[in-house]
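What follows is a short report on a single structure.
Treat the numbers as computed from the prediction; the structure is a model and nothing was measured.
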Amino acid sequence: MNDIDKRVRALAARDPFVTLLGAECVEAGPGTAVVRMTVGEQHLNFNGTCHGGVLFSLADTAFGLASNSHGRLAAAVDAHIGFTAPAHVGDRLIASAREVNRSKRIGTYRVDVCRADEGFVAAFTGTVYITGREHP
């Protein structure tokens, strides 16, 4: 495990919402993060499939970790998601974030949310504003 991976996992570990979601960061690098979770009954909507807000939250978590992996505080200014397939109870979801572009002040990220069987579930894109502040 490298220093970036350790730092990003530490960010995830101190985020109470990540714990509430039941997610965990399993891998990180410069501009990347992989977050996974298993869909439980508590994640379902009234149609019996994984709630879109859960999928967005999982993708947003990977996005936030990837965008903050460089050590400078980055805050989301825009995010979009497209849902392509449902997820069900017991499905293991993996959100893989990667940096598409990063300048001194703006970063753009893509997050793919897939089932462990590699079935594509959602595509997320997000933009962050990069501050001049370092993470503690």
**Asked** Has E134 got more than 12 heavy atoms of other residues, nucleotides or ligands less than 6.0 Å from its CD?
**Response** yes

**Asked** Under 6.0 Å from the CG atom of D3, do we count more than 12 heavy atoms belonging to anything else shown?
**Response** no

**Prompt:** Taking atom types as modelled and ignoring hydrogens, do the side chains of T38 and R92 form a donor-acceptor contact shorter than 3.5 angstrom?
**Reply:** yes

**Message:** For the residue pair H70 / N68, report whether a side-chain donor-acceptor contact shorter than 3.5 Å exists.
**Reply:** no

For a quick test of reading the model, state the closest non-hydrogen atom pair linking [X] to [Y] and the distance between them.
X    : Y    : answer
P86  : R115 : O-NH1, 3.4 Å
G48  : L44  : O-CD2, 3.8 Å
A59  : A95  : CA-CB, 4.3 Å
A23  : L58  : CB-CD1, 4.1 Å
F120 : C114 : CD1-SG, 3.7 Å
R72  : R105 : NH2-NH1, 3.4 Å

**Message:** Under the criterion side chain to side chain contact (heavy atoms under 4.5 Å, CB included), I'd like the reasoning laid out for V26 against V35: C-alpha separation, chi angles, the key distance, then a yes or no.
**Reply:** CA-CA 6 Å; V26 295; V35 178; over 6 Å; no

**Prompt:** Quick check: does any side chain N or O of N47 sit under 3.5 Å from a backbone N or O of T49, one acting as donor and the other as acceptor?
**Reply:** no

**Message:** So does H88 get a backbone contact from the side chain of D91, meaning a donor-acceptor N/O pair under 3.5 Å?
**Reply:** yes

To the nearest 0.5 Å, how far apart are [atom1] in [X] and [atom2] in [Y]?
X   : Y    : atom1 : atom2 : result
R7  : H135 : CZ    : NE2   : 7.5 Å
I81 : F63  : CD1   : CZ    : 11.5 Å
S69 : R102 : OG    : CZ    : 6.5 Å
L21 : H43  : CG    : NE2   : 5.0 Å
F83 : L55  : CZ    : CG    : 5.5 Å
L65 : Y109 : CG    : OH    : 11.0 Å

**Message:** Applying side chain to side chain contact (heavy atoms under 4.5 Å, CB included) to V8 and C25, what does each step give before you reach the verdict?
**Reply:** CA-CA 8 Å; V8 171; C25 179; 4.0 Å; yes

**Request:** Kindly indicate, with the supporting measurements, whether the criterion side chain to side chain contact (heavy atoms under 4.5 Å, CB included) is fulfilled by L93 and V121.
**Result:** CA-CA 9 Å; L93 299 178; V121 175; 4.2 Å; yes

**Message:** For F124 and V113: C-alpha separation, side-chain torsions, deciding distance, then whether side chain to side chain contact (heavy atoms under 4.5 Å, CB included) applies.
**Reply:** CA-CA 8 Å; F124 174 108; V113 179; 5.6 Å; no

**Item:** Under-4.0 Å salt bridge between D112 and R110
**Value:** yes

**Item:** Close side-chain approach of T32 and E99, heavy atoms under 4.5 Å
**Value:** no

**Asked** Between V54 and V89, is there a shared hydrophobic cluster once you connect ILVMFWY residues whose side-chain heavy atoms come closer than 4.5 Å?
**Response** yes

**Message:** Could you see if V34 belongs to whatever hydrophobic cluster contains F56? Use Ile, Leu, Val, Met, Phe, Trp, Tyr and a side-chain cutoff under 4.5 Å.
**Reply:** no

